Participant: 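Below is a structure I'd like to ask you about.
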Amino acid sequence: MPELPEVEVSRLGITPHILNQTIDKIVIRQRQLRWLIPEEINDAVGLEISAVKRRAKYLLIETQAGTIILHLGMSGKLRVVPVETALVKHDHVDICLSNGMCLRFNDPRRFGACLWQASDSEGLDIMNNLGPEPLTDDFDGQRLFELSRTKSQAVKNFIMDNKVVVGVGNIYANESLYLSKVNPLKSAKKITKKQYLLLAENIKLVLARAIKQGGTTLKDFAQADGQPGYFAQELHVYARKGEECKVCSTEIESVVIGQRNSFYCPKCQA
DNA sequence: AATCTCGCCTGAAGGC
DNA sequence: TGCCTTCAGGCGAGAT
C-alpha cells in the first residue's frame, strides 16, 4: 500500500522518463476514481512536463498551464511503458508522451485520484491545509509536543493527522511508535516532550530508510519498473501479530485504533 | 473545536 | 469447486 516512501520511490522512478517530455494525449478509461477525473486535465495536452514533485502522498506533474495531481490511494501503481503495451485490468489512465512512452496509472480499488490544478487557480482544497513534510526541518518533536497539549486522542491517530504532519500512514506510524517505545493507544497530550523529540526523529528515520529500500512491498506496491520494495524485511511490528518482538521476544499484539489495525509490543511499549 | 464514524472499492484469503 | 464473508485502509464528509 503506497505511503509517502512508496510515492517518493515512484516519483524517483518515473521522473527520468517523463521530465521535459511533451504530453501528446491523455487517455481516460475509467473516470470514476476517488473523485471524477476533471475534463480540464486535457489543458495539459501539448505542453511539456516541467517538473515532477511530491507533496504529502500526492504526486505533482507540472506543466505551464497547471499541475496533474496523482494520488495512489490504497492500490495505485504507476508504470512508464511504450504506448502500445497491452492493457491489463484496471489500467485507468495513460498520459501519453511524445517519445512514444506513456505514464500508465493502474488502481484496482480506485481509492486513488487524478486531478487538475490550473496554474491561475487558488489551489485545490485537498492541497491546502496540509501540514509540514516529515523529512524537512519544518517538522520536529517540538511541533508534535506543542500541538499535542490539548489532544486527548490516541497518539497514533495524532501523528497520522495530515494537519500535524503529512505522509505518516499506518505502516510507518506503527513502526516509528515501536522504535520510540511509545504505546500507540496513549493519549497524545500525555506524551512527554522528550518522547516526542525521539518520535519525530524516528518518523524521519523510518521514512528515509523506507525510501532507500524502495518502499514496502506487502501486497500491492511495486516500483515504477515493477520491482518490489524491500522495506518489508525491516518491519518490526506491522503485520507481525503473534510473532516475537525483536527486542524482548514478547508476542506482538494488535488493536484497532481509528479503524486501522495497529501493532505494538506490550512490553517495550507499555 | 475536537474527535469519531462512514463510505468509497477490489482482490485475497478463509470457512463451509 | 464455488459461494459467501471478512479484511486491507487514505482521507474527505458528515455526525457526534
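Bear in mind the structure is a predicted one, so any value in this text is a computation, not a measurement. Letters go in sequence order (proteins before strands), and every chain restarts at 1.
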Participant: May I ask you to decide whether K204(A) forms a salt bridge with D140(A), counting only side-chain N to carboxylate O separations under 4.0 Å?
Facilitator: no
Participant: Under the ring-ring contact (aromatic ring centres under 6.0 Å, His included) rule, what pairs show up with a residue in residues 8-45 of chain A, not counting sequence neighbours?
Facilitator: none
Participant: S119(A): what forms a side chain to side chain contact (heavy atoms under 4.5 Å, CB included) with it, not counting sequence neighbours?
Facilitator: none
Participant: Just jot down the side chain to side chain contact (heavy atoms under 4.5 Å, CB included) partners of V247(A), sequence neighbours excluded, or say none.
Facilitator: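 If we apply the side chain to side chain contact (heavy atoms under 4.5 Å, CB included) test to V247(A), skipping adjacent residues, the hits are Y178(A), C245(A), C268(A).
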Participant: Only counting residues at least two apart or in another chain, list the ones meeting side chain to side chain donor-acceptor pair (under 3.5 Å) with N202(A).
Facilitator: S180(A)
Participant: At what angle, to 10 degrees, do the two end axes of the helix from dA2(B)-dT16(C) to dC16(B)-dG2(C) meet, given five pairs define each axis?
Facilitator: 50°
Participant: Protein-nucleotides 14-16 of chain C N/O pairs closer than 3.5 Å?
Facilitator:
none

Participant: What pairs of residues pass the side-chain hydrogen bond (donor to acceptor under 3.5 Å, both in side chains) test when at least one of them lies in residues 144-156 of chain A, not counting sequence neighbours?
Facilitator: Q142(A)-E146(A), K156(A)-N170(A), K156(A)-S262(A)
Participant: Counting only heavy atoms and a strict 4.0 angstrom limit, can you tell me which residues of residues 254-266 of chain A come near DNA chain C?
Facilitator: R260(A), N261(A)
Participant: Nearest whole Å is fine: how far is dC11(C) C1' from D125(A) CG?
Facilitator: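 About 14 Å, once rounded to whole Å.
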Participant: Is there a residue in residues 144-161 of chain A whose heavy atoms reach under 4.0 Å of DNA chain C, and which residues are they?
Facilitator: M160(A)
Participant: dC11(C), dG9(C), dT10(B): which one has an atom nearest the side-chain heavy atoms of Y58(A)?
Facilitator: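 Nucleotide nearest to Y58(A)'s side chain: dC11(C).
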Participant: Mind calculating the distance between OH (Y172(A)) and P (dG10(C)) to the nearest angstrom?
Facilitator: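 It works out to 11 Å between those atoms.
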Participant: Among all residues two or more places apart in sequence or in another chain, which pass the side chain to side chain contact (heavy atoms under 4.5 Å, CB included) test with E62(A)?
Facilitator: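 Expected list: S50(A), A51(A), K53(A), T67(A).
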Participant: Suppose we screen for side chain to side chain donor-acceptor pair (under 3.5 Å). Which residues come up paired with T15(A), at least two apart in sequence or across chains?
Facilitator: none
Participant: Listed by chain and number, what are the side chain to side chain contact (heavy atoms under 4.5 Å, CB included) partners of Q64(A), not counting sequence neighbours?
Facilitator: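 In terms of side chain to side chain contact (heavy atoms under 4.5 Å, CB included), with neighbours along the sequence ignored, Q64(A) is linked to no residue.
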